[in-house]
Each structure stands twice: as structure tokens, then as C-alpha cells.
Amino acid sequence: MTELKNDRFLRALRRQPTDTTPVWIMRQAGRYLPEYRATREKAGSFMALAQNPELACEVTLQPLDRFELDAAILFSDILTIPDAMGLGLTFVAGEGPKFERPLRSAAEIANLTVPDMDGELRYVMDAVRLIRRELDGRVPLIGFSGSPWTLACYMVEGQGSRDFARVKALAWNDPDAMHQLLDTLAQSVAAYLAAQAEAGAQALMVFDTWGGLLSPGMFHECSLRYLARIVEQLKNDAHAADLPVVLFSKGASGHLEALAGTGCAGLGLDWTISLDEARRRVGEHVALQGNLDPSALYATPEIIRREVEAAITAFGPHPGHVFNLGHGVTPGVDPEHVKVLVDTVHEAGRRIRA
């Protein structure tokens, strides 16, 4: 494939020197961009957009045409695996994702199988191949998945929740069924990410969106052990072995050392921990990605510049920092504010290395 013209992102994940701090943004292709909204309207629905490789490629590239970003991320959704398992994923306006057939019994869990990556999920791999071709070495492409715990939350609840009481009750009351579900999902996530690597993804990310809901003991039992298993399986895969893996467990900054011990290349951080503290704790072992509060993009450009510069100063001139938000960019953000962020990251990153 074409040689990379900009490898800052991959170099930072390997904790190698870079000329400046690389930056990409979670949900960088999304509703805050008018061109994305136009493409989604053309597609007819979110899932129609995500399942059309040509349109998924189009929206993946849109933010790169506006901003000097250092990585592209596949346009897809974390819930593609449970959808491929037959749970019937839909998106209801104003309510988020819902499953028509959520898991309600141990027997339903026992009947789940790992989806066919060349069957039900082929559209994802087709999108990865097309995006890599259209990028033509411009920047690296990130593939991703939801974590087993996060997928289980939606599959058992059937939709988003404030406390995910139903899935927690399953973990307490029927741990065998819970671990059977998480085991099947870990196998599925590892196979899914390996297939994305084979199709052309150059880095892999696992979103453990709801890891922060768990008590310390349950986090180790229901989230961490399966994240570690996925990293291990990817390291033993012919296509994924050399790709950096980033784990992002939102709200789980108390577990940074344990997460770093999985063998991943990088850890995503939310905005509830400072970069200097995180680097002191695990920065000699992994790269760090983050961690500006997404709401800062509603501030004035002057404040955005101040906050970006403060974050880069907090990390310091050390290798291994990928700038990002602490979660996804939200729909009401002015795209010009995103440009201010991206440009300031590069300017401040160069200054701190001077």
C-alpha cells in the first residue's frame, strides 16, 4: 500500500519523537459538520449511512478536508457486532440506539455466536478497504470496536441507561451467563479488529464507554480481563500483531496502571484526570491520548487556545502524547472552533519541542 505521508500519530503511539503533537478527535465525522448532515440525509438513516461503504468513506474523509488532522477513524458504530448477532439495531431520533431483541435469558446468551466477518460485517471491511485507498497515504486509518462490557450493557438493557441496572443484576445473579456473554463478545471483538487490520486499518481502538460504571472488583472481572484478552489475541494475529492498540475506558482513571498492564500501546483519557498525573502514573509504559473536555469547544477561541496549550504544557515535551477530546465532539459545536483546536495543538506542540 501507499507509504504514509504523515505518520505522527503512529509514531506518538509508539512513543517515538514527533515534530509536533498529533491530533484527531473522537466523532470527528459527525453532526457538527453540515456536509455530514447532508450525506446522512442522502443516506436516509444512520445505519443506511454506516452500512454503505461509499458513503461511510465520504463522511470519514470530510473532517480531513476541513482540518489538519493526523488520523482518520473509520465511520461506523460500536454496536455493529450485536447487530450482526441478530439483535436488531435501530436508532430512534433523540433516544439513541435500541435493540429490537435484547437478551433476556441465559439460553439466549448461550445461542450467540461470533459473527462472520466476511458475511454480516463485510460492509465494515469494504469501507476500511475503500477508505485506505482514498486516503492514499495522507494519514493513518483507525479501526475500532466497542468493548465486551460496553456491548453487553446495550445488549442486555436493549438501549442506553443511566445505571444499567439490568446488566449489573445479570453480573451479580448469574455470573456464568455474564461471563459466557463477555467471552463470546471478546472473541467477536478480537476477530472484528483483526479483520479490520487485514482490510487496511493501521491502528485499533477499543471503546469501553461504560467501564466507569463498575466497582473496582467488577471492573477487573467484567471489563479489564476481557480487554487484556483482546490485546493478547491481536498480538498473536498475523495482520494485527504490529498495529498499536488504544484502550479507552471512560471514567476509569483509577485503573490506569491495570489498563497499561494489558500490553496496549496507548490509553485514552477523559477530562477527569490531568495529563501530567496520568503520565507520572503510566507514561513510561504507554502513550496517552486525550483529554480536553468536549464542552470546551463551546468556549471562545481564546479560551480554547488557552486550554489546549495548558494540556500540552501539562504533558510536556515527552514522546507519547496524542491530543484528543476526553469524549466525542458534540453536535452543536462550531466547526471553526474545531479548527482553532487543531491548529493550536500543532502550534503549541512545536513550541514545546523547540
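A heavy-atom distance below 4.5 Å is found between the side chains of L33 and P335. Using a 4.5 Å heavy-atom cutoff, the side chains of T262 and I230 are not in contact. With contacts defined as side-chain heavy-atom distances shorter than 4.5 Å, the pair V139/L69 does not qualify. Within the 4.5 Å cutoff, no side-chain heavy atoms of L135 are placed close to those of T60. Looking at D70 and H346, their side chains come closer than 4.5 Å, going by heavy atoms from C-beta outward.
Once rounded to the nearest 0.5 Å, the distance linking OH of Y36 with CG of L55 reads 10.5 Å. In this structure, the separation between CD on E221 and OH on Y226 is 7.0 Å, given to the nearest 0.5 Å. The CG atom of L170 sits 7.0 Å away from the CG atom of L181 when rounded to the nearest 0.5 Å. The line from CE of M218 to CE of M178 is 9.0 Å long, rounded to the nearest 0.5 Å.
Taking the six-membered ring wherever Trp is involved, the centroid distance between the rings of Y154 and F99 does not fall below 6.0 Å.
Looking at E277 and R281, a side-chain N of the basic residue comes within less than 4.0 Å of a carboxylate O on the acidic one, giving a salt bridge. Under the 4.0 Å criterion applied to side-chain N and carboxylate O atoms, D19 and R353 are not assigned as salt-bridge partners. For the pair R229 and D183, the salt-bridge criterion is met [side-chain N within less than 4.0 Å of a carboxylate O].
Listed by chain and residue number, P301, E302, V340, T344 satisfy the side chain to side chain contact (heavy atoms under 4.5 Å, CB included) test with R305 (two or more places apart in sequence, or in another chain). Residues satisfying the salt bridge (charged side-chain N to carboxylate O under 4.0 Å, His left out) test with E35, not counting sequence neighbours, are R66. Applying the side chain to side chain donor-acceptor pair (under 3.5 Å) criterion to D343, with sequence neighbours excluded, gives K339. Residues satisfying the salt bridge (charged side-chain N to carboxylate O under 4.0 Å, His left out) criterion with R138, sequence neighbours excluded, are D65.
Defined by atom type and a distance below 3.5 Å, a donor-acceptor pair is missing between the side-chain atoms of S145 and Q196.
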Donor-acceptor contacts, no H, no angles, side chain residues 117-128, under 3.5 Å, sequence neighbours left out:
| from | atom 1 | to | atom 2 | distance (Å) |
| --- | --- | --- | --- | --- |
| E120 | OE1 | D116 | N | 3.0 |
| D126 | OD1 | R129 | NH2 | 2.8 |

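Here side-chain hydrogen bond (donor to acceptor under 3.5 Å, both in side chains) pairs that include residues 71-87, with residues two or more places apart or in two chains, are T80-Y192.
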